[in-house]
Amino acid sequence: MFVYPKRYDVIVLGSGHAGIEAALAAARMGCRTLMLTLNLDTIGQMSCNPAIGGLAKGHLAREIDALGGEMGKATDMSGLQYRLLNTKKGPSVWAPRAQCDKKAYQFRMKWICEREPNLDIRQGQAARLLHEEGDVYGVETTLEVQFLGRTVVVTTGTFLRGLMHTGSNKQSGGRSGEGPVKHMSGSLEEVGLELGRLKTGTPPRLLKRSIDFDRLEEQPGEEPTPYFSYWSNDLFHVEHSRINPQDVGHSNGKYPPGSILDKLNGQMACHITFTTPRTAAIIQENLHKSPMYGGGIEGVGPRYCPSIEDKIVRFPDKEWHQVFLEPEGIATDEYYVNGFSTTLPFDVQYELIQTIQGCEEAEIIRPAYAVEYDFVHPTQLHSSLETKVCQNLFLAGQINGTSGYEEAGAQGIMAGINAARRVLEKEPVVLERYQAYIGVLIDDLVTKGTSEPYRMFTSRAEYRLLLRQDNADQRLSRLGYELGLLPERNYAQFVEKERAIHREIDRLSKTQEGSVSLAKMLSRPEMSYQDLPQRRDDLSKEVTQQVEISLKYAGYIERQEAEVAKIRSMEEKQIPEWMDYHAIPSLRNEARQKLTEIRPRTVGQASRISGVAPSDISLLLVWMKRGAHKEGEKGG
């Protein structure tokens, strides 16, 4: 046995979206950090669609960026096409989405991690956790190398006992072309964690030259580019952006130097097509060959990202289903078939693809498959993402039952922050539901758990008008700066933007046009900032957008802020660690069981547990008051 001579503060297992954000956060907070990964060449790999954002997911990506994470900047350097979704609706559900060059994203993330001070990257497969008396202190690899650390963050994605399915064919692996992690599940169970099985899937990839694009509807990107990062100006300056100097020198100034848009001098198009009645007929004829319907898959799949089989079964009267053909990069001719994931055998996939409009001669170069994997029931975690059964052990990403890059990255940055905070002997950082979608995500997981891959939706957030994608910096950048994640220059930029917004709102409120203030005028539905008399043309679009939203939706925003003020006392009322729910008389058995199992952090969290009634909360509050009085007497 070889004990690696360097000791670490934080060890991160995995280098996907959760692992990257966790490792970078811990390192940037001053901790000696190790990222241990199966393969150095797949750091930041986009295993499914190389896209970031979308409905609610775009909110998470922008919150990661506002805190000082890397996902938004990597997206803006590798984006092929950008769109802002849902703009016909209110701003609370606007959502940015970018189709990325999967290799450019992956290579940038690898490059960033390799050059991060305090972060070491090593290739190796973790075989077991090193722990003693409920406290983790490192990991051991399959090569019998022990890495010792004060905290461990596990971000193993879909690799835990991964099993891939294509029809009746089964192969061990965490994703196509890569093996599974066989031993870590047993080690997690050894420390006391309960595991379950989930499933996710991916569609086939097609060869570009075999697609008849003339028969497809083109879907262009939006200009000016709706960048993901609040700090996109950094990307135009080599000294701040960490751009590889060899990529700089031929920029036209319109796009970040070295970015994919700069190399293309514009955005690539995606395309829309549709299935046909023949598609449905073939699926019905072959449904018994799908392991999802034939009993070959044990794990539960994502309800909100159904396979094409699920769509045909659930909606038998629908004659067609929309499909998006999306490029995977500028150095590849692979196209992703969005909306067409399947577990049917390869011969059926081949026949099915050729029923799609424009794909009659299309060639599959990578078949679709489903992957089944172990996950940890997330109610076994504190809100800090530390496990309840083992100190200094944090979990983030798909191991906690989520799906998607953005959900993983959001957990990763919080797990990295809290692992670093543990090392620094500081209290954990917990974002509340009224502060961020990240708060909604983690609270849902640790309070309610999940029986299927959890996906973020705007409908999950009670205060979504306050939690817009456009104001994530106003909600989180001050915290990111205080934690040491957001650089001084970015924080200064944020402060100046915030001042400009307040100054302009104040000016509009005080400036009259006839008998009406400009602020009142702008609050009208048909009026935009650009329509205002006496508008300022020297303000950025970001500032004028915030001014317009603030004034147009002032009444709604004030009502939500009032609701938040009412519930904050419950959210901030901590349940003491000494609380014994079995000692509370008259508490219903179901509530006693659930409260004991989950150990909620606050009264607000307790009130959201399924099976806990308002009457149970009333009893809890009385018992807390009585217990606090007794504790005070002991102290006296």
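All residue numbers in this chain count up from 1 along the given sequence.
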Output yes when [X] and [Y] qualify as a salt bridge under the 4.0 Å nitrogen-oxygen rule, no when they do not.
X: R28; Y: E116; value: yes
X: D120; Y: K6; value: yes
X: D333; Y: R209; value: no

Looking at [atom1] of [X] and [atom2] of [Y], how far apart are the two atoms once the value is rounded to the nearest 0.5 Å?
X: D262; Y: K254; atom1: CG; atom2: NZ; answer: 11.0 Å
X: Q81; Y: E222; atom1: CD; atom2: CD; answer: 8.5 Å
X: R175; Y: M164; atom1: CZ; atom2: CE; answer: 10.5 Å
X: T75; Y: I260; atom1: OG1; atom2: CD1; answer: 12.0 Å
X: M46; Y: C100; atom1: CE; atom2: SG; answer: 4.5 Å
X: L129; Y: N392; atom1: CG; atom2: CG; answer: 12.0 Å

Exercise for the section: Determine whether the aromatic ring centres of Y105 and H17 lie less than 6.0 Å apart. Expected result: yes
Parallel, tilted or perpendicular, as decided by the 30° and 60° cut-offs, for the rings of H377 and F375: perpendicular
Worksheet item: Would you call the rings of Y82 and F228 parallel, tilted or perpendicular, where under 30° means parallel and over 60° means perpendicular?
Response: tilted
Polar contact flag, side-chain donor to acceptor under 3.5 angstrom, [X]-[Y]:
X: Q219; Y: H271; value: no
X: N49; Y: E328; value: no
X: N400; Y: Q411; value: yes

Taking [Y]'s backbone N and O only, do any of them form a donor-acceptor pair with [X]'s side chain (distance below 3.5 Å, no angle check)?
X: R475; Y: R468; answer: yes
X: R150; Y: V423; answer: yes
X: N86; Y: A95; answer: no
X: T166; Y: A368; answer: yes
X: S477; Y: A66; answer: yes
X: R161; Y: Y373; answer: no
X: E140; Y: R128; answer: no
X: D65; Y: Y230; answer: yes
X: T225; Y: Y227; answer: no
X: N118; Y: A27; answer: yes

Would you name the heavy atoms of [X] and [Y] that are closest together and state the gap between them?
X: Q125; Y: P180; result: OE1-O, 3.9 Å
X: E21; Y: I413; result: CB-N, 3.7 Å
X: D101; Y: A331; result: OD2-N, 4.2 Å
X: Y405; Y: P50; result: OH-N, 4.5 Å
X: V337; Y: P204; result: CG2-O, 3.3 Å
X: M77; Y: G258; result: CE-C, 3.8 Å

Does a side-chain heavy-atom distance below 4.5 Å link [X] with [Y]?
X: T343; Y: S307; value: no
X: W231; Y: L486; value: yes
X: I52; Y: M71; value: yes
X: T387; Y: V191; value: no
X: Y336; Y: L206; value: no

_side-chain hydrogen bond (donor to acceptor under 3.5 Å, both in side chains) for S229 and D76? Distances and angles first, verdict last._
CA-CA 7 Å; S229 179; D76 288 343; 4.6 Å; no
request  = Kindly indicate, with the supporting measurements, whether the criterion side-chain hydrogen bond (donor to acceptor under 3.5 Å, both in side chains) is fulfilled by E488 and Y481.
outcome  = CA-CA 7 Å; E488 178 78 42; Y481 176 68; 2.7 Å; yes
Review point. Is there a side-chain hydrogen bond (donor to acceptor under 3.5 Å, both in side chains) between R122 and Y4 once you walk through the steps?
Key: CA-CA 11 Å; R122 300 290 182 268; Y4 198 74; 3.2 Å; yes
Q.
One pair to check against side-chain contact (heavy atoms from CB on, under 4.5 Å): I43 and Q106. What are the steps and the verdict?
A. CA-CA 6 Å; I43 292 174; Q106 176 185 336; 5.7 Å; no
The residue among V145, L13, V152 that forms side chain to side chain contact (heavy atoms under 4.5 Å, CB included) with L36 is L13
Can you confirm if the NZ or CZ of R460 lies within 45° of the ring axis of Y454 and under 6.0 Å from the centre of its six-membered ring? yes
>> Taking the cut-offs as 6.0 angstrom to the six-membered ring centre and 45 degrees off its axis, would you call R478 and F494 a cation-pi pair?
In response: no
### Task
List the steps, then state whether side-chain hydrogen bond (donor to acceptor under 3.5 Å, both in side chains) holds for N418 with R422.
CA-CA 6 Å; N418 286 323; R422 171 59 60 84; over 6 Å; no
*asked:* Quick check on Q171: does its CD atom have over 12 non-hydrogen neighbours (other residues, nucleotides or ligands) under 6.0 Å away?
replied: no
